[in-house]
Each structure stands twice: as C-alpha cells, then as structure tokens.
Amino acid sequence: MTPTKQPKVRVRFAPSPTGYLHIGGVRTALFNWLFARQHGGKFILRVDDTDQARNVTTALKPIMDGFKWLGLDWDEGPDIGGPHAPYFQSKRLDIYHSAVDKLLKSGHAYKDYSRADEFAAERQAAEKEKCQFTYTRTWMAESKADERRFESDGRDYVVRLKMPREGKCEFHDIIRGPMSFEWAGEQDHVIQRQDGSCLYHLTSVVDDFEFEISHVIRAIEHLPNTPRQIFIGQSLGLDLPLFAHLPFVAEPGSSNKLSKRKLDKYLKHRDFKVLYDHGEKIAQQIGFPASPETFNPVIVDFYREIGFLPDAILNYLLLLGWSLDDRTEDFSREAMIRDFTLERINKSPASFDPQKLTAVQSRYMWRLPMDEKLEMVLPFLEKAGMLQLPVTDETRIRVKAVIEAANERISFAGDILDYQEFFQADENISYNEKDFHKRLVDAHAQRELLVKYRSALAGVSDFSAGNMEAYMHAFLEQEEVGMGMLVHAVRVSLTGKGVGFGLFEIMAILGKDSCMNRIDRALIAASGQP
RNA sequence: GGCGCGUUCGUCUAGUGGUCUAGGACGCUGGCCUCUCACGCCGGUAACAGGGGUUCGACUCCCCUACGCGCUACCA
C-alpha cells in the first residue's frame with residue numbers, strides 16, 4: 001500500500017483536557033500544523049474528553065491559551081466551531097452509538113456479558129502460563145436469545161470488537177514504511193462501556209472520518225493501536241486516513257518519555273535544574289507562584305511566564321526529531337512551513353535538551369528589534385513593581401538604554417530583572433556582600449582613589465558614555481594607575497554588583513546625580529564597615 | 001510472556017554501498033579580545049550498541065543478540 005496524493009489535507013490534534021499544555025504535545029501539534037499550512041490544508045482541534053469527570057472548560061483553557069500564545073492557530077475547533085461541530089467528543093455520543101450499532105449489526109462487534117472478574121480470571125490464567133491471551137468469548141451474545149438469557153442472569157454488557165484471529169493487518173506508515181501486525185495478537189477491545197459511553201479507539205476512528213481527516217500524525221505510542229483502529233474503520237466501511245507516527249520526546253539524558261509528573265527527578269539533572277532555577281528566580285521577582293503544578297519546564301506556561309519567544313520554542317521543537325540537512329538550524333515560521341516534510345522526521349526518540357532550547361531562545365532574543373524587546377520586557381518590570389504607572393516616555397528611554405547596554409545578557413525577557421538597580425532609588429541599592437568587601441571595604445587604596453575620583457567627577461557635566469570613558473582614562477593617567485584600580489570600586493558603588501555591562505554605559509544611564517549619590521553612599525557604607 | 005518500534009559524539013542531528021582518517025549545532029574545554037560578566041573570534045574534546053553474514057568494499061543491505069521504549073485497560 002502506497003500513500004496516495006490527497007487533494008485536501010486535513011489534520012488534527014486531539015488533546016485530552018488535562019489542565020496544562022505539555023511540551024511534547026506542542027511538538028506533535030506543531031508537526032500537524034506545519035503539514036496543514038504547507039499544503040494549504042486545515043488544522044483541527046478536537047477535544048478527547050470521553051472519560052470526562054473533570055471540568056472540561058477549565059482544563060481546556062490553558063491548552064488553548066498555550067497554542068494561541070505559540071501562534072499555532074486552528075481552523076476548526078471547540079471555540080470557533082466549524083462544519084463538523086461539535087468538536088468535543090463528549091457531545092458526539094449519538095454519532096458513536098450509531099457506529100456501535102452498525103458494528104453490532106454487521107457482526108464486527110458483540111455484546112459481551114462477562115463479569116469483570118470472570119474476564120480478568122481468563123486473562124490472568126493466560127498470563128500465568130505466559131501465553132498470549134485470547135478471550136474465549138464465553139459470554140458473547142450471538143442472538144437476542146443469548147442476550148435475554150444473560151440478562152435474566154442479572155448480567156450487563158460491554159461492547160467488544162470481534163477481532164479477526166488470523167491473517168495480518170498491513171498498512172503504510174509515512175515515517176516508518178510498511179507495517180505488519182498479526183491479527184491474532186489483538187484483543188477483543190471494548191468500544192462501549194457498561195454505562196453506555198464509548199472508548200477512545202472507536203471515537204477516534206469515527207471522528208477522524210467525520211472530520212474528513214486525511215493524515216493522522218500522532219505519537220509513536222499509538223502505532224500498536226493502529227491495527228484495531230483500521231479494523232474499526234474497515235468494518236464501518238470508512239475511508240482510512242494516512243498514518244505518520246512520531247517518535248516521542250524523551251527526558252533529558254534518558255530514553256524515558258518526558259512526563260510532567262516527574263519534575264522532582266528532572267531537577268536532579270543539571271541542565272534541567274539550571275533552566276528551572278533561572279525561571280524560578282524570575283517568577284519570584286514577579287510574584288508568580290512557582291509550584292511544579294503550574295510552573296515547570298515541561299509545561300508551556302513556564303516559558304511564557306519567564307519571557308520566551310514563541311518562535312524560538314517552535315524552532316527548537318522543530319529540530320527535535322526533524323532536520324532539513326546537515327547544517328540549517330534557523331527556521332522562521334515561513335521557512336518551516338516551506339521546508340517541513342513528514343518523510344524527514346526521525347524514527348528514534350529525541351531527548352529534550354534545556355541547554356539547546358536556551359541557546360535557541362537567546363539567539364532569537366538577541367536579534368529581536370529593540371521596540372519588540374521593549375514591549376516584552378516592560379511587563380516584567382511592572383510586575384516586579386519597578387516602574388511607576390503609567391509608563392512615561394522618559395522611563396521607556398531608560399529601559400531601552402538598559403536593554404541596549406545589557407545586550408546579549410538578556411536571553412529571556414525576564415532577565416531584565418537582573419538590572420533592577422537602574423529602576424531603584426539611589427538609597428535603595430543593595431550591595432552584593434562579597435563584591436562590596438572585595439572592591440571597597442577591604443580595598444583601601446582603591447577606596448582612596450575612588451574618593452579622589454568622586455571629587456574630580458563633581459566638576460564634570462558631560463556624562464555620556466564616551467566622555468566618561470575618556471575622562472576616566474585621563475584621570476587614571478594622571479594618577480598613574482591602571483584601570484583595575486578604579487573600575488571595580490565604581491561599579492560596585494553604582495550597581496551594588498561586581499559584574500554587569502560596560503561601566504561607562506552604566507554611568508551614562510544613571511546620570512550625574514545618581515552617580516554622585518551612589519558613590520557617596522557606598523563610601524560611607526564602606527568606611528562604616530570593620 | 002506476546003507483539004511492535006527504535007539504537008551515529010554527553011545531547012539534537014547529517015549520512016540511503018566507495019567522496020567517512022564520519023560533517024554541523026548545543027554543551028564542555030584551551031587561547032585571544034577585555035573594566036567585570038556576557039558576546040565575538042581561533043583551536044580542542046567526543047560517536048557508527050555487539051556479533052555474524054552479503055559484497056571487491058558497509059554507518060549505510062540481511063540475520064541474531066543486547067539494551068531502551070511502547071502496546072497488550074470498561075486510559076488517551
């Protein structure tokens with residue numbers, strides 16, 4: 001069986017409403033979305049909520065918000081509807097029931113009146129003998145009479161598939177090539193529960209047909225499910241979609257599937273912890289509750305909260321299991337839509353690498369135009385309470401100057417909070433204890449030089465970076481000392497820190513008054529120390 | 001247990017029988033630049049899971065083994 005050219009591409013992503021958007025799910029959705037966009041097809045969002053129980057609306061919102069933020073837009077779905085609405089499986093019960101009836105009538109399914117313990121006993125017996133379990137179909141009702149007999153016995157039924165027990169199921173997987181499974185290895189799967197509700201395999205096949213899905217692009221764990229779904233489809237006389245099974249996204253440094261539940265374990269992985277800590281630091285400063293339930297690098301919200309760029313995440317995820325060639329790494333949205341192919345998706349699992357994600361994000365951030373950077377960064381300063389609202393042109397200019405000076409030091413928008421000293425009053429600057437001692441308290445000669453420099457500075461009015469640099473060089477030349485004697489003491493005085501961007505840019509941004517105030521204050525604080 | 005899928009540097013990958021003494025990227029690392037940090041530049045480190053075939057020749061094809069993962073639910 002070879003894939004035929006489909007005139008219209010319709011793909012779907014079918015999340016169950018779990019309350020969060022998993023990064024692995026995003027990749028699956030991305031591949032679907034790219035495929036649809038490339039072929040001018042439709043990307044459909046369908047909510048797989050057949051096991052319901054929870055509040056679907058609440059649990060769905062973070063997922064849709066996540067996709068919206070990432071810019072993965074859908075053409076049909078729960079909120080916007082479409083020609084095949086509703087897009088909630090829980091609201092399509094009638095359709096599933098008529099499919100079940102059809103299967104029952106055609107003899108591809110049967111009512112099974114076994115009690116749970118009876119069925120389980122058979123299975124356990126098979127397991128004990130270490131052989132493949134095949135249901136005896138002892139409680140299969142083959143006629144109305146059987147049904148009445150079982151029911152008078154007080155039994156209730158589930159509907160099971162009457163799977164073939166010989167021959168093979170063969171199909172083509174776009175990524176993996178020809179597939180072949182023995183029908184005998186399949187179970188008589190339940191498609192309708194005792195309470196009348198239907199199960200995934202049935203609903204999925206029925207909806208894929210109803211929605212006219214042309215390509216099912218989904219995670220590899222569904223590959224072994226495919227034969228039973230093909231059986232359902234064929235029994236119903238439906239046109240089958242083409243299949244493409246994606247490798248899963250693995251944990252950093254392991255081949256286990258990435259899971260939200262194991263945050264504690266991941267935090268023991270160095271690279272993962274570095275990312276988490278970085279994010280947590282930002283979250284704390286903006287007062288975002290950093291609980292692993294809502295704030296965790298496996299969940300998309302994490303990245304949004306700390307100031308990632310959606311395009312960077314998509315670019316990284318694209319490369320997780322797919323490549324164009326041996327060197328192209330940069331893909332704009334347009335480029336990925338143009339170049340993506342299912343055929344070049346890898347077969348083996350790819351593990352999630354926080355360091356590489358960070359590297360991609362940094363690159364995207366650095367080359368972002370200033371105005372966009374400004375808009376990204378402002379909310380962080382606001383949330384951290386560093387700005388007076390409304391934001392004036394004057395503060396915008398200052399923020400821009402800080403962004404410009406910090407340059408590649410800002411990888412996530414939230415990193416702007418590393419430069420709070422530019423948005424604080426002079427008397428509120430706190431000193432990094434170690435640097436303060438090293439550069440001021442314990443450095444007597446340097447401190448004396450700073451006093452001199454401070455007095456000299458009082459006579460200077462041009463505090464532009466260029467002039468500050470020229471002036472300091474002239475001063476040092478006169479004093480006949482090297483730059484190292486002064487620069488560090490000035491930096492710690494002005495920012496409280498031993499590291500940061502260029503000193504002369506710092507001085508220019510702060511301006512004369514602040515510089516003088518801060519040096520005075522540092523000098524007093526340092527001399528008061530033992 | 002059965003069935004299925006997978007296995008190239010630490011990680012993401014290129015590679016479809018000779019161009020592979022295996023290429024790129026992230027990481028790590030030596031040096032340069034330098035007021036610190038970062039950036040940048042130059043260099044380095046490091047891989048075809050193992051064993052059998054097929055072939056003049058195998059990372060590439062076949063088989064076996066090992067390992068990993070998945071399915072085998074009235075989960076999706």
Side-chain angles (χ1 to χ4, degrees), chain A residues 14-16 18 48-51 89 112 116 119-120 123 126-133 156-160 173 175-176 179-182 184-187 189-201 203-204 218-228 245 247-248 250 252-257 270-271 316 319-330 344 346-360 362 366 406-411 418 435 439 469 472 476 482-492 495 497-504 506:
Chain A
S16 31
T18 50
D48 279 19
D49 56 349
T50 49
D51 73 337
Q89 292 200 319
D112 178 46
F119 191 85
R123 179 163 38 221
E127 262 170 40
K128 207 171 232 169
E129 291 177 38
K130 299 209 178 298
C131 61
Q132 156 91 45
F133 168 59
D156 209 343
Y157 70 91
V158 296
V159 178
R160 310 190 92 102
D173 185 283
I175 297 170
R176 278 150 225 283
M179 294 289 127
S180 174
F181 292 79
E182 295 284 343
E186 284 290 321
Q187 303 297 322
H189 295 97
V190 175
I191 52 174
Q192 187 180 102
R193 296 183 180 94
Q194 210 161 61
D195 67 6
S197 61
C198 293
L199 277 91
Y200 169 73
H201 295 304
T203 60
S204 173
R218 64 193 350 176
I220 183 77
E221 52 260 41
H222 292 286
L223 181 59
N225 296 335
T226 309
R228 72 197 67 144
H245 291 278
F248 62 82
S254 135
S255 54
N256 292 332
K257 194 177 144 187
R270 192 182 144 268
D271 302 339
Y316 170 73
L319 264 12
L320 205 54
W322 180 87
S323 66
L324 176 66
D325 54 32
D326 64 339
R327 57 198 63 236
T328 316
E329 294 225 316
D330 238 312
R344 282 194 66 84
N346 258 271
K347 294 184 178 71
S348 45
S351 73
F352 178 76
D353 182 354
Q355 275 187 328
K356 180 96 182 206
L357 207 208
T358 300
V360 173
S362 299
W366 299 342
N407 203 230
E408 309 89 354
R409 274 157 275 239
I410 294 179
S411 287
D418 286 343
D435 292 323
R439 302 301 188 187
E469 180 162 18
M472 183 175 279
L476 290 170
M483 212 170 171
M485 285 296 288
L486 182 58
V487 135
H488 305 293
V490 177
R491 177 189 301 282
V492 173
T495 67
K497 298 169 187 169
V499 298
F501 48 76
L503 180 62
F504 308 114
I506 291 173

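- Spacing between atom CD of A/E469 and atom P of B/U34 amounts to 12 Å, rounded to whole angstrom units.
- Each of A/T328 and A/V158 has a nearest nucleotide on RNA chain B; the 5'-most of these lies closest to A/T328.
- Taking atom P on both nucleotides, B/G27 is separated from B/A38 by 12 Å, rounded to a whole Å.
- Summarising the geometry, the separation between CG on A/D271 and P on B/G27 is reported as 10 Å, rounded to the nearest angstrom.
- A/F248 places its CZ atom 8 Å from the P atom of B/C69, with the value rounded to the nearest Å.
- Of all heavy-atom pairs spanning A/G321 and A/A350, the tightest one is N-CB, 4.2 Å.
- Across all strands, A/H201 comes closer than 4.0 Å to base atoms (heavy-atom distances).
- Atom name C1', nucleotides B/A46 and B/G52: the rounded distance is 28 Å, in whole Å.
- The side chain of A/R270 sits closest to B/C28 out of B/C28, B/G70, B/U72.
- The C1' atoms of B/U60 and B/C48 are separated by 10 Å, rounded to the nearest whole Å.
- With P as the reference atom, B/G50 and B/C28 are 28 Å apart, rounded to whole Å.
- Partners of A/E182 under the salt bridge (charged side-chain N to carboxylate O under 4.0 Å, His left out) rule, at least two apart in sequence or in another chain, do not exist in this structure.
- Of the possible donor and acceptor atoms, one in the side chain of A/T495 sits under 3.5 Å from a partner among the backbone N and O of A/R491.
- Judged purely by atom type and a 3.5 angstrom limit, A/Y316 has no side-chain atom pairing as donor or acceptor with the backbone of A/T358.
- Regarding A/Q194, its CD atom lies at a distance of 17 Å from the P atom of B/A73, rounded to whole Å.
- The shortest side-chain heavy-atom distance between A/R176 and A/P247 falls under the 4.5 Å cut-off.
- OP1 or OP2 of B/C74 sits under 4.0 Å from a side-chain N or O of A/R160.
- Across all strands shown, B/C28 forms a Watson-Crick or G-U wobble pair, both distances under 3.5 Å, with B/G44.
- Residue A/R218 places no side-chain N or O under 4.0 Å from the OP1 or OP2 atom of B/A76.
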For this session: Treat primed atoms plus P, OP1 and OP2 as sugar-phosphate and everything else as base, then score nucleotides 60-65 of chain B 5' to 3': B for base contact with protein heavy atoms under 4.0 Å, S for sugar-phosphate contact only, - for none.
Result: ------
Problem set entry | Criterion side-chain hydrogen bond (donor to acceptor under 3.5 Å, both in side chains) on A/Y200 and A/H222, from CA distance to verdict | CA-CA 11 Å; A/Y200 169 73; A/H222 292 286; 3.2 Å; yes
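- Remark: C1' of B/A73 and CG of A/N225 are 11 Å apart, rounded to the nearest angstrom.
- B/A49 and B/U13 have their P atoms separated by 15 Å, with the value rounded to a whole Å.
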Every protein N/O within reach of nucleotides 37-44 of chain B N/O, cut-off under 3.5 Å:
{"unit_1": "B/C37", "atom_1": "O2", "unit_2": "A/R409", "atom_2": "NH1", "d": "2.2"}
{"unit_1": "B/C37", "atom_1": "O2", "unit_2": "A/G500", "atom_2": "O", "d": "3.3"}
{"unit_1": "B/C37", "atom_1": "N3", "unit_2": "A/R409", "atom_2": "NH1", "d": "2.3"}
{"unit_1": "B/C39", "atom_1": "O2'", "unit_2": "A/E408", "atom_2": "OE2", "d": "3.2"}

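- Between A/K257 atom NZ and B/G68 atom P the separation is 18 Å, expressed in whole Å.
- Counting non-hydrogen atoms under 4.0 angstrom, A/R439 reaches nothing in the nucleic acid.
- Taking atom P in both B/C64 and B/C5, one finds a spacing of 12 Å when rounded to whole Å.
- Across all strands shown, B/A66 pairs with B/U7; the Watson-Crick or G-U wobble distances both stay below 3.5 Å.
- Across all strands shown, B/G1 pairs with B/U72; the Watson-Crick or G-U wobble distances both stay below 3.5 Å.
- OP1 or OP2 of B/U13 has not a single side-chain nitrogen or oxygen of A/R344 nearer than 4.0 Å.
- With rounding to whole Å, A/E221 atom CD is found 15 Å from B/G68 atom C1'.
- Atom CZ in A/R228 sits about 7 Å away from atom C1' in B/U72, given to the nearest Å.
- Straight-line distance between the P atoms of B/U16 and B/C59: roughly 13 Å, to the nearest whole Å.
- Across the P atoms, B/C39 and B/G1 are found 50 Å apart, a figure rounded to whole Å.
- No donor-acceptor pair under 3.5 Å is formed between the side chain of A/Q89 and the backbone N or O of A/S16.
- When all heavy atoms of A/D271 and A/P354 are compared, the closest pair comes out as O-CB, 3.7 Å.
- By the salt bridge (charged side-chain N to carboxylate O under 4.0 Å, His left out) test, A/D418 is found to be paired with A/K281, residues two or more places apart in sequence or in another chain being considered.
- For A/T226 (side chain) and A/L223 (main-chain N/O), a donor-acceptor pair under 3.5 Å exists by modelled atom type.
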Problem set entry | Sequence-aligned protein contact record of nucleotides 2-12 of chain B, with B where the base is within under 4.0 Å of a protein heavy atom and S where only the sugar-phosphate is | S-SSSS---SS
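- Between the NZ atom of A/K257 and the CD1 atom of A/I220 there is a distance of 11.5 Å, given to the nearest 0.5 Å.
- Annotation for A/L199 and A/R193: closest pair CD1-CG, 3.4 Å, computed over non-hydrogen atoms.
- The partner of B/C39, taking Watson-Crick or G-U wobble pairs whose two distances both stay under 3.5 Å, does not exist in any strand shown.
- The two residues A/V490 and A/M472 make their nearest non-hydrogen contact at CG2-CE, 4.3 Å.
- Scored by the side chain to side chain donor-acceptor pair (under 3.5 Å) test, A/D330 finds A/R367 as partners (sequence neighbours excluded).
- The partner of B/G18 is B/C56, judged by Watson-Crick or G-U wobble contacts that both fall below 3.5 Å.
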